[in-house]
Chemist: 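Take this structure, written in structure tokens, and hold onto it; I'll ask about it next.
The chains referred to below are lettered A, B, ... by the order of the sequence lines, with proteins before strands, and numbering in each begins at 1. Worth knowing before you read on, the calculation uses all heavy atoms, side chains too, and leaves out hydrogens, waters and symmetry mates.
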Amino acid sequence: MRQSRHLGKTLREVPKDAQTAAHALMVRGGYMQQLSAGVYNYLPLLYRTLNKISQIVREEMQAAGSEELLMPALQPRELWEESGRWERYTAVDGIMFSFKDRRGSVSCLGPTHEEVVTDILRREIKSYKDLPRNVFQIQTKFRDEIRPRFGLMRAREFIMKDAYSFDADEAGLEVSYEAMRQAYHKICQRIGFKYRAVEADSGAIGGTGSQEFMVLADTGEDTIIYCDHCDYAANQERAASRLAEHAQDAEPKPMEAVLGEGLIGVEPLAKFLNIPVWKTTKTLVFEADDRVVAVMVRGDCDVNEIKVTNHLGCKSLKLASAAKIKELTGAELGYAGPIGLPPSVRILADNYVNGRVNFECGANQTNYHNINVNFGRDLPLPEFGEFKIAKAGHTCPKCQGTLQSAMGIEVGHIFKLGTKYSKAMACVYLDAGGKSQPVVMGCYGIGVSRMAAAFVEQNHDDKGITWSPEIAPYQVHLVALNLEDETVRKQSEQLYAQLQQEGIDVLYDDRPLRAGEKFSDADLIGLPTRITVSKRTLEQQKVELKRRRDTAAELVAIAEAGAKVKELLGKNFR
RNA sequence: CGGAGCGUAGCUCAGCCUGGCUAGAGCACUUGGUUUGGGACCAAGACGUCGCAGGUUCAAAUCCUGUCGCUCCGACCA
């Protein structure tokens with residue numbers, strides 16, 4: 001492509017609404033423009049990259065036995081009611097766009113396609129002989145994000161690849177899931193991500209097991225917990241951990257309520273009471289759907305709301321308001337405890353709350369804290385479970401290693417759905433014994449547009465983007481200087497044609513600008529290699545070849561330029 | 001959902017508090033000239049319903065009300 005005809009000018013100024021490096025660079029480089037909050041125009045450069053990512057995804061999905069199709073973005077309400085997700089997606093979480101058409105029927109713009117694909121397959125599948133099936137699509141999805149941010153990272157309209165597998169039984173699902181998992185690793189590797197696959201919570205989609213593919217970046221919105229010793233890695237939402245055990249008092253002491261005025265927070269409280277922080281207890285009061293739940297964790301821990309939500313099986317979970325807490329406990333915020341709560345309040349406690357002798361907890365009376373509390377004597381045993389947030393420094397749940405944390409961008413997510421949708425929507429088949437069985441499903445998503453943003457986040461320097469050849473919009477930036485010189489122009493044009501003939505994607509900067517501007521634009525756009533043609537290089541019958549990620553350049557003969565480029569792109573580029 | 005901020009040229013912003021005459025700067029753009037391997041210089045020029053609507057006033061970019069749009073912060077404290 002000739003840059004003189006290229007749509008997508010570079011900007012010198014950083015757009016004011018760009019919060020991350022990737023967002024700023026993609027806007028400055030002429031890759032995208034914002035149309036409205038969380039909605040973007042994908043300009044030619046970005047569209048090329050999106051297509052390259054899509055193509056890699058497509059190839060690996062097909063190699064893994066998945067078949068491509070395309071489903072509608074516009075979906076009828078009825079299907080979502082059938083699966084039971086309509087209310088949650090529209091009213092409870094409100095993340096789905098929905099509207100009434102002129103005939104009065106209600107439609108939505110799909111954030112995902114489990115319902116539609118299940119509907120397709122239930123018409124298709126009659127017998128175990130019709131299984132397994134695996135289909136995917138690359139399509140625009142919609143999410144009514146309350147707060148879109150970071151450009152393509154959290155947009156309201158975005159491009160996604162989603163695949164769905166259909167098997168006769170769990171064993172079949174395992175095979176399908178594993179094939180997809182391998183395909184996802186290949187995709188991440190081909191694109192050139194520094195990433196990590198982690199155990200994940202399956203959230204609103206539902207199901208029994210899932211993994212996320214996380215691109216490591218400080219601007220990521222997810223926290224990853226991983227072991228420094230074994231291969232354990234999980235999203236913090238899901239991660240388990242073990243805590244160091246402490247020596248306990250030999251004898252229980254009498255419980256007493258201690259006046260500790262204005263002591264909010266466990267650190268000052270522990271100091272005031274002269275006890276270690278691990279002896280304190282945080283009791284958080286939540287409203288779970290229409291019930292009230294108190295959750296206890298050790299003072300040096302925090303509550304993992306996802307774990308609590310999953311344990312309760314509730315639709316929504318939120319911290320109770322100060323007023324509600326006062327009504328329930330009789331105390332101001334900060335003094336809630338498990339003793340003396342109304343019987344309607346269900347009490348959960350993290351496993352590590354147990355096993356302590358003479359611990360502290362709130363007294364349900366403003367400014368008072370109970371000390372020397374002991375289960376069994378002062379209160380009945382609550383419902384125990386894993387309810388704390390795993391953090392760096394905790395012990396690995398699988399080995400003796402220490403957990404670490406890192407920030408990540410979720411670019412892929414694979415789920416074992418099981419029979420949640422097939423049962424709800426009667427997607428069934430007859431097995432060999434003539435018995436009706438629900439199909440066992442899996443679903444597998446990749447954020448294509450988010451991958452582009454994540455890649456830039458992970459691959460840039462102070463001058464611009466540093467694409468890998470796999471997904472760069474073009475492979476070579478052919479920069480012609482001194483275009484007023486007839487020889488330079490002629491040679492550049494020839495080289496442009498020659499490179500294209502050799503099958504290389506070329507962006508040809510044929511604009512009559514000064515060298516500085518052209519080099520700066522080239523660095524900003526960030527194509528993996530740059531060829532400079534100028535009077536100076538042509539004096540030696542050569543052109544200059546440089547990799548974007550290197551500082552050094554070399555002079556190569558014009559005829560060999562294409563071969564040299566291929567050589568550079570081909571090996572150890574990263 | 002709660003809190004905050006912004007909206008003036010294509011972009012980044014000044015002007016607003018303390019109302020006043022043709023509304024400004026830098027970058028980008030057009031023309032001419034000089035320059036020409038890391039965002040040059042000189043000269044001349046084009047570009048605005050000051051988000052929108054209403055109000056106050058002799059007078060509104062500026063004050064008030066409403067509205068739309070965009071952005072940020074918080075969603076974690078017992």
Side-chain angles (χ1 to χ4, degrees), chain A residues 9-20 23-24 27-28 30 33-39 92-94 146-151 221 223 236-237 260 262-270 280-286 294-299 301-306 308 316-322 324-326 328-329 331-338 360-369 388-389 391 463-464 479-485 488 509 511-524 530 532-539 543-544 546 551 553 555:
Chain A
K9 271 198 208 173
T10 56
L11 302 175
R12 206 185 292 205
E13 312 250 11
V14 179
K16 65 175 173 184
D17 54 356
Q19 291 306 305
T20 61
H23 189 186
V27 174
R28 282 221 298 135
Q33 294 170 340
Q34 179 168 322
L35 181 61
S36 68
V39 180
V92 180
D93 293 341
I146 296 168
R147 202 183 146 198
R149 55 186 123 181
F150 305 147
E221 293 189 277
T223 302
Q236 190 173 45
E237 292 179 342
L263 287 168
I264 306 281
V266 293
E267 293 287 346
L269 176 64
T280 65
T281 309
K282 292 178 186 171
T283 306
L284 278 69
V285 181
F286 291 94
V295 183
M296 303 168 68
V297 289
R298 226 168 71 172
C301 295
D302 292 295
V303 171
N304 182 327
E305 296 185 16
I306 306 269
V308 173
S316 82
L317 183 79
K318 40 184 191 218
L319 282 165
S321 64
K324 185 84 180 171
I325 287 172
K326 177 129 199 207
L328 287 161
T329 66
E332 297 296 329
L333 191 115
Y335 305 94
E360 174 281 344
C361 57
N364 291 328
Q365 186 182 350
T366 303
N367 294 331
Y368 281 88
H369 311 270
K388 70 179 188 307
I389 294 179
K391 288 183 181 165
K463 290 179 176 166
V479 178
L481 306 180
N482 325 114
L483 275 167
E484 68 291 346
D485 182 293
V488 172
D509 189 350
R511 301 170 301 170
L513 299 179
R514 300 166 63 83
E517 290 178 75
K518 296 187 142 201
F519 288 149
S520 296
D521 274 356
D523 288 341
L524 176 58
R530 185 183 83 194
T532 308
V533 183
S534 70
K535 263 199 276 198
R536 191 195 286 182
T537 65
L538 290 180
E539 278 165 14
V543 294
E544 182 190 271
K546 177 186 168 301
T551 44
L555 284 174

Chemist: Applying ring pair (Phe, Tyr, Trp, His ring centres under 6.0 Å), name anything that partners F286(A), two or more places apart in sequence or on another chain.
Modeler: none
Chemist: Can you tell me the distance, in whole Å, between the CD atom of E13(A) and the C1' atom of rA25(B)?
Modeler: 12 Å
Chemist: Would you mind pulling out the nucleotide paired to rU12(B), Watson-Crick or G-U wobble, both distances under 3.5 Å?
Modeler: rA25(B)
Chemist: Using the side-chain heavy atoms of L284(A), tell me which of these nucleotides is nearest: rC72(B), rG38(B), rA78(B).
Modeler: rA78(B)
Chemist: From the options rG26(B), rC27(B), rA78(B), select the nucleotide whose nearest atom is closest to the side chain of R12(A).
Modeler: rC27(B)
Chemist: Side-chain contact, heavy-atom cut-off 4.5 Å: L481(A) with K518(A)?
Modeler: yes
Chemist: Where the side chain of K9(A) is defined as all heavy atoms beyond and including C-beta, which of rG39(B), rA28(B), rC73(B) is the nearest nucleotide?
Modeler: rA28(B)
Chemist: Can you sort out the partners of E13(A) under side-chain hydrogen bond (donor to acceptor under 3.5 Å, both in side chains), two or more places apart, ordered by chain and number?
Modeler: none
Chemist: So which protein nitrogen or oxygen atoms get under 3.5 Å of nucleotides 33-37 of chain B's nitrogens or oxygens?
Modeler:
{"residue": "rU35(B)", "atom": "O2", "partner": "R514(A)", "partner atom": "NH1", "Å": "2.6"}
{"residue": "rG37(B)", "atom": "O2'", "partner": "R536(A)", "partner atom": "NH2", "Å": "2.8"}
{"residue": "rG37(B)", "atom": "N7", "partner": "S534(A)", "partner atom": "OG", "Å": "3.1"}
{"residue": "rG37(B)", "atom": "O6", "partner": "S534(A)", "partner atom": "OG", "Å": "2.1"}
{"residue": "rG37(B)", "atom": "N1", "partner": "E544(A)", "partner atom": "OE1", "Å": "3.3"}
{"residue": "rG37(B)", "atom": "N2", "partner": "E544(A)", "partner atom": "OE1", "Å": "2.5"}
{"residue": "rG37(B)", "atom": "N2", "partner": "E544(A)", "partner atom": "OE2", "Å": "3.0"}

Chemist: Just name whichever nucleotide pairs with rA4(B), Watson-Crick or G-U, keeping both distances under 3.5 Å, else none.
Modeler: rU71(B)
Chemist: Given atom CD of E305(A) and atom C1' of rA78(B), what is their separation to the nearest angstrom?
Modeler: 13 Å
Chemist: Could you tell me which residues satisfy side-chain hydrogen bond (donor to acceptor under 3.5 Å, both in side chains) with K326(A), sequence neighbours excluded, listed by chain and number?
Modeler: E332(A)
Chemist: Side-chain contact, heavy-atom cut-off 4.5 Å: Q365(A) with Y335(A)?
Modeler: no
Chemist: What is the distance from NZ of K463(A) to P of rG39(B), rounded to the nearest Å?
Modeler: 11 Å
Chemist: If the condition is side-chain contact (heavy atoms from CB on, under 4.5 Å), which residues does A18(A) pass it with, not counting sequence neighbours?
Modeler: P15(A), H23(A), A24(A)
Chemist: Could you list, one pair per line, each protein nitrogen or oxygen that sits under 3.5 Å from a nitrogen or oxygen of nucleotides 4-10 of chain B, together with the distance?
Modeler:
none

Chemist: Would you kindly give the NZ-to-C1' distance between K318(A) and rC1(B), to the nearest whole Å?
Modeler: 9 Å
Chemist: Let's test this: given Watson-Crick or G-U wobble pairing with both distances under 3.5 Å, identify the partner of rA60(B).
Modeler: none
Chemist: Rounded to the nearest Å, what distance is computed from the CG atom of residue L524(A) to the P atom of nucleotide rC11(B)?
Modeler: 18 Å
Chemist: Among all residues two or more places apart in sequence or in another chain, which pass the side-chain hydrogen bond (donor to acceptor under 3.5 Å, both in side chains) test with K391(A)?
Modeler: D302(A)
Chemist: Using the side-chain contact (heavy atoms from CB on, under 4.5 Å) criterion, which residues pair with A37(A)? Sequence neighbours excluded.
Modeler: P148(A)
Chemist: What does V285(A) touch in the nucleic acid at a heavy-atom separation under 4.0 angstrom: a base, only the sugar-phosphate, or nothing?
Modeler: base
Chemist: From C-beta outward on I389(A), which listed nucleotide comes closest to its side chain: rC76(B), rA78(B), rC73(B)?
Modeler: rC76(B)
Chemist: Please list, chain by chain and in numerical order, all residues satisfying salt bridge (charged side-chain N to carboxylate O under 4.0 Å, His left out) with D521(A), sequence neighbours excluded.
Modeler: R511(A)
Chemist: Kindly write out the residues that satisfy salt bridge (charged side-chain N to carboxylate O under 4.0 Å, His left out) with E544(A), not counting sequence neighbours, or none if the list is empty.
Modeler: R530(A)
Chemist: Under 3.5 Å, which protein N or O atoms sit close to an N or O of nucleotides 68-70 of chain B? Give each pair with its distance.
Modeler:
{"residue": "rC70(B)", "atom": "OP1", "partner": "A37(A)", "partner atom": "N", "Å": "2.8"}
{"residue": "rC70(B)", "atom": "O3'", "partner": "Q34(A)", "partner atom": "NE2", "Å": "3.0"}

Chemist: What pairs with R28(A) under side-chain hydrogen bond (donor to acceptor under 3.5 Å, both in side chains), at least two apart in sequence or on another chain?
Modeler: none
Chemist: Under a 3.5 Å cut-off for both distances, is rU35(B) Watson-Crick or wobble paired, and to whom?
Modeler: none
